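I have placed the structure first, in the form of C-alpha cells, so that the comments after it can refer back to it.
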Protein chains: 2
Amino acid sequence: MTISIAQLVLDLVRIPSVSGEEAEIASFVESYLKKVCPKAWVKSGDNRVVVALGFNPEEKIPPFTVLAGHLDTVPFNHHPDPEIVGEELIGLGSTDMKGGLGVMLALAEVHAKESLKPTVLVFYDSEEVAYEKNGLRPLLGDHLWLGDAELAVLMEPTGNTIELGCLGTMHGLITFEGVAAHSARPWMGENAIHMAGEFLTKLAAYPIRDVAFGDIVYREVLNATMARGGVSKNVIPDRFEINLNFRFAPDRNGEQATGFLREFLPENATLQVSDIAPSASPSLESPAIQSFCALPGLEIRAKQAWTDVAQFTAMGVPALNFGPGIPELAHRRDESIPVANLEQSYEVLLKFLRPS
Amino acid sequence: MTISIAQLVLDLVRIPSVSGEEAEIASFVESYLKKVCPKAWVKSGDNRVVVALGFNPEEKIPPFTVLAGHLDTVPFNHHPDPEIVGEELIGLGSTDMKGGLGVMLALAEVHAKESLKPTVLVFYDSEEVAYEKNGLRPLLGDHLWLGDAELAVLMEPTGNTIELGCLGTMHGLITFEGVAAHSARPWMGENAIHMAGEFLTKLAAYPIRDVAFGDIVYREVLNATMARGGVSKNVIPDRFEINLNFRFAPDRNGEQATGFLREFLPENATLQVSDIAPSASPSLESPAIQSFCALPGLEIRAKQAWTDVAQFTAMGVPALNFGPGIPELAHRRDESIPVANLEQSYEVLLKFLRPS
C-alpha cells in the first residue's frame, strides 16, 4: 500500500494548486473518488468536494467521522520536478498537505472494499490565505449536517502526532499619530516613531502565558511583526504603524482577545483589529477525542498555531489535528515528506475507522 | 527696479530646473550676464557659472564679496503656470531660490553701470539633493581663489533676515538584528522590533541641546525619521532599521558628531553613518560679518538647518545666509515669494556693496 499512496501523493504534488487555482486538483480528487468508490455520495462545486462513505446523508445520518484537508498550497517558491528520492517525497505541498490528501484517497479505496465506520471526506480550497477567503467556511454552511459529526480529523501535517485544539489568531494595527515638521525643527512637530518607545518596551516584557487544559499546554504570545514609519529622512514622522499578531489561547474567544488588545493599547495610539480567526479548546471531554487519543503509540500535544479545527469546534464538533508530514518543512523551498509518514498515518486512521 | 527684478524672477521660475536638469537655466543665466555686463570675467561649464564683477581674477585679486545661489529646485510637486498675483510671485522655486538668483542678476546689471565693491557671483547645480552631488563642491575646487573672499553671502531664503552659520547634518542607520520564526512560536526566534523599545524611549527623552555663540543660539536635535521592520504579518521580524537624523551644532565637527552617535548607539544594534554635511560656526569675529550685521534694520539669528555656508566656512571664508523668500514656503506646493522681498534684498545688498 505504501508505494501506491506515495505515487498518489506524487500525482497530487504534480498538480499545481496555489490558493485560488484549485480547479484542476479538485477535479482530479473528484474523478479519483468516483473511480475507486463509485457508489459513494459525492457533492462538489467551487473547488470543494464532500464524499460520504458508508452512508447517504440525504437518507439517514449515522454516527460518523470527518477527515478534512485543504487542496491549496502556498505560492510557488521553487519549482523542481516533484520526485521520490530514497525515503523522501520532494515537492511543494508534499507535507502541507497533499500527503494527508493522499491518505484520505487511499482510505476511500479501502472503504469501498471492506466495512469501515461511516466516514465523510472533506476537500476544500483557500486555506493558505486570509481567514475570510477560507473555503471550509462556505462548505460547512452548505452542509450543516456535518455539525453532527462525532469527530473531525484535520489532516494538517503534525508528523502523525495528535495535536489538540488550536490557538486563535488576530492582527491589530497600532497607529501612533504625530505631526510632521522639518527634521531641523522637531519642536514644530511631534515624532510618531519616538512615541512608540514605551509601548515596544512593554511588549518586549510581556510574558508568554501558558494555558493548560490537563496536560495540554498552549502558549499565548503577542508580537509586533511589522513596523513602518516616516516618509523622508529629513522629515519628522507623523505616523508610525506597528502590526501586532496575537496568538491567543483557547480560554479566550475572539471577542475576549480583542478586549485584551484594546486594554493593552497604549493611550497615545489607535488600534484596528483584523483577521480574527477563533481558537479551539482541546475537547478533552469528548468520547471520540478520548478514543482517538487512546490509539497506541501516538504522542499528544497542543496545536501551537491556528488551524481549521477551530471551525469544526465552533460548530460543536470535537476536532483534532493529525496528519503525515513534517510541520517544520511546510512552506519551505525544500518541502518534502517522509514516505514512511504516509504509511503510519494510513494505518492509524484505518485502525480508528475499523469497527471495534 | 522692483518690477524688472520680479519679471526676471518670473522668467527664471518659468525655466524648469529640477536637480540634475539645470542646463537650460545655467545657459539663461550666462547669456543674461553676458548681455548686461559684457566686460565681466565669466567661467561656465557643468551647469555652473562664476562671474567676477569689477576685477579679473586671472590678473589681480582685490578684497571681494561672493554672492552664491543654487540653480536647482526640488522635483515638481505641482505645476501651475507661474504668475504674479498682486504682491506675490507664485511658482515652484520662487522662494527657494530663484528670488535670490534674480537679485544677483539685477546687482550684476548695476555693477556694470556704477562703481561697486569687487563682487563674485556663483551659480551652481544640485543643492537640493545629497551632499555628495552638491555642485558647489567641485566649483570651489576649480576656483580655489574663492577661498580669499572676505565674505560669502548664501542667498538662501531667509526672509531677508541674517542667518549666521549653520547646523551640520548626518544620517545614522541603526539596525537591530534578531532571528526569524513563526509568530506562533516566538521563543524560537528573537523579535528585532521589540529590541528597539528602550532605544526609542531614550531617543524621545534626549533633550534639545541649545548651543550659544554670543546671542546666536543653535538647537542641536536628534530624531528618528524613518523606521522599517518585518517581512510578513505572521513572522517574527529578524531586522528593524531606524534612520536617525542628527542636526549637530557648530561646536561639533562631523567627526565629533559621528563619535557622539557611536556612543549613543544601543549595545544591541549596529550603526552606519552616511550623508555627513559639516556645520559652520557664525564667524562673529570676522570684520565682514560684523559689517554686514551692522546694516540697519536687519534681524540676526542662527541658521537652524544646513546650508552651503558650511562649504565656504570650511574654506576659511566667513559666510552667512541672507536672501529674499519665505523659508516656510520652500518645497511647498503653493510656493510663492512676496515681490517686496526682492526689492528689500536688492537694496540691502546694494548698500553693502557700495563703497563707503
Side-chain angles (χ1 to χ4, degrees), chain A residues 130 166-167 169 171 173 181-189 191-206 208 218-237 240-247 274-275 303-306 327-328 330-331, chain B residues 130 166-167 169 171 173 181-189 191-206 208 218-237 240-247 274-275 303-306 327-328 330-331:
Chain A
C166 75
L167 292 178
T169 182
H171 293 282
L173 188 70
H182 191 295
S183 65
R185 297 181 194 85
W187 59 88
M188 305 289 286
N191 192 314
I193 295 175
H194 290 193
M195 287 165 75
E198 281 183 33
F199 176 68
L200 288 180
T201 302
K202 179 182 171 189
L203 196 55
Y206 185 73
I208 295 171
Y218 299 86
R219 313 203 80 188
E220 182 176 271
V221 291
L222 178 61
N223 272 271
T225 53
M226 310 271 286
R228 293 272 175 279
V231 293
S232 157
K233 289 165 81 175
N234 293 330
V235 173
I236 297 301
F240 183 49
E241 295 179 335
I242 299 172
N243 187 76
L244 285 187
N245 184 213
F246 187 29
R247 302 282 181 157
S274 65
D275 300 327
K303 168 53 84 181
Q304 183 62 30
W306 185 85
E328 289 74 16
H331 302 194
Chain B
C166 75
L167 291 179
T169 181
H171 294 281
L173 188 69
H182 191 297
S183 64
R185 297 180 193 84
W187 60 88
M188 305 288 285
N191 193 314
I193 295 175
H194 290 192
M195 289 165 73
E198 281 183 33
F199 176 68
L200 288 180
T201 302
K202 180 180 169 189
L203 197 53
Y206 185 74
I208 295 171
Y218 299 86
R219 313 203 80 188
E220 182 176 272
V221 291
L222 178 61
N223 272 271
T225 53
M226 310 272 287
R228 292 273 175 279
V231 293
S232 157
K233 288 164 82 175
N234 293 329
V235 174
I236 297 300
F240 184 49
E241 295 179 335
I242 299 172
N243 187 78
L244 286 186
N245 183 212
F246 187 29
R247 303 282 181 156
S274 65
D275 299 327
K303 168 53 84 180
Q304 182 62 30
W306 186 85
E328 290 74 16
H331 302 193

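Keep in mind that what you see is a predicted model, and the values were worked out from it rather than measured. Order of the sequence lines fixes the chain letters, A, B, ..., with proteins taken first and strands second; residue numbering starts at 1 for each chain.
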Q) Any side-chain heavy atom of A:E328 within less than 4.5 Å of one from B:M188? A) no

Q: Would you name the heavy atoms of B:L167 and A:A184 that are closest together and state the gap between them?
A: CD1-CB, 4.3 Å

(Q) Main chain of B:L200, side chain of A:H194: is a donor-acceptor contact present, judged purely on distance under 3.5 Å? (A) no

Q) Under 3.5 Å, side chain of B:R228 to main-chain N/O of A:A227, donor-acceptor pair present? A) no

(Q) Report which part of B:H331 has an atom under 4.5 Å of a heavy atom belonging to chain A: side chain, backbone, both, or neither. (A) neither

Q: Please name the pair of heavy atoms, one in B:M226 and one in A:I193, separated by the smallest distance, quoted to 0.1 Å.
A: C-CD1, 3.6 Å

Q. Ignoring hydrogens and geometry, is there a side-chain-to-backbone donor-acceptor pair from A:E198 to B:T201 under 3.5 Å?
A. no

Q: For chain B, find which of A:P186, A:A205, A:G229 contributes the most heavy-atom pairs closer than 4.5 angstrom.
A: A:G229

Q) Looking only at heavy atoms, what is the nearest atom pair of B:P237 and A:A224, with distance? A) CD-O, 3.3 Å

(Q) Using a 3.5 Å distance criterion without hydrogens, assess whether the side chain of A:N223 forms a donor-acceptor pair with backbone atoms of B:N191. (A) no

Q. Which answer fits A:N243, side chain, backbone, both or neither, if we ask what part of it has an atom under 4.5 Å from a heavy atom of chain B?
A. side chain

Q: Measure distances from B:I208 to the heavy atoms of chain A and classify the residue's part below 4.5 Å as side chain, backbone, both or neither.
A: side chain

Q.
Is A:I242 in contact with chain B via its backbone, its side chain, both, or neither, using a 4.5 Å heavy-atom distance?
A. neither

(Q) Distance alone, cut at 3.5 Å: any donor-acceptor contact between the side chains of A:S183 and B:N245? (A) yes

Q. Which atom pair, heavy atoms only, marks the closest approach of B:D275 to A:K233?
A. OD2-NZ, 3.2 Å

Q: Check each atom of A:W187 against the heavy atoms of chain B and say whether the ones under 4.5 Å are side chain, backbone, both or neither.
A: side chain

Q: List the atom of A:A305, the atom of B:R185, and the distance in Å for their closest heavy-atom pair.
A: CB-NH2, 4.4 Å

Q: Check each atom of A:F240 against the heavy atoms of chain B and say whether the ones under 4.5 Å are side chain, backbone, both or neither.
A: side chain

Q) Looking at B:A196, B:A204, B:A192, which has the largest count of heavy-atom pairs under 4.5 Å with chain A? A) B:A204

Q. Can you say whether A:T169 sits under 4.5 Å from chain B via the side chain, the backbone, both, or neither, judging by heavy atoms?
A. neither

Q.
Shorter than 4.5 Å, heavy atoms on both sides: which option in B:N234, B:L222, B:L244 has the most such pairs with chain A?
A. B:N234

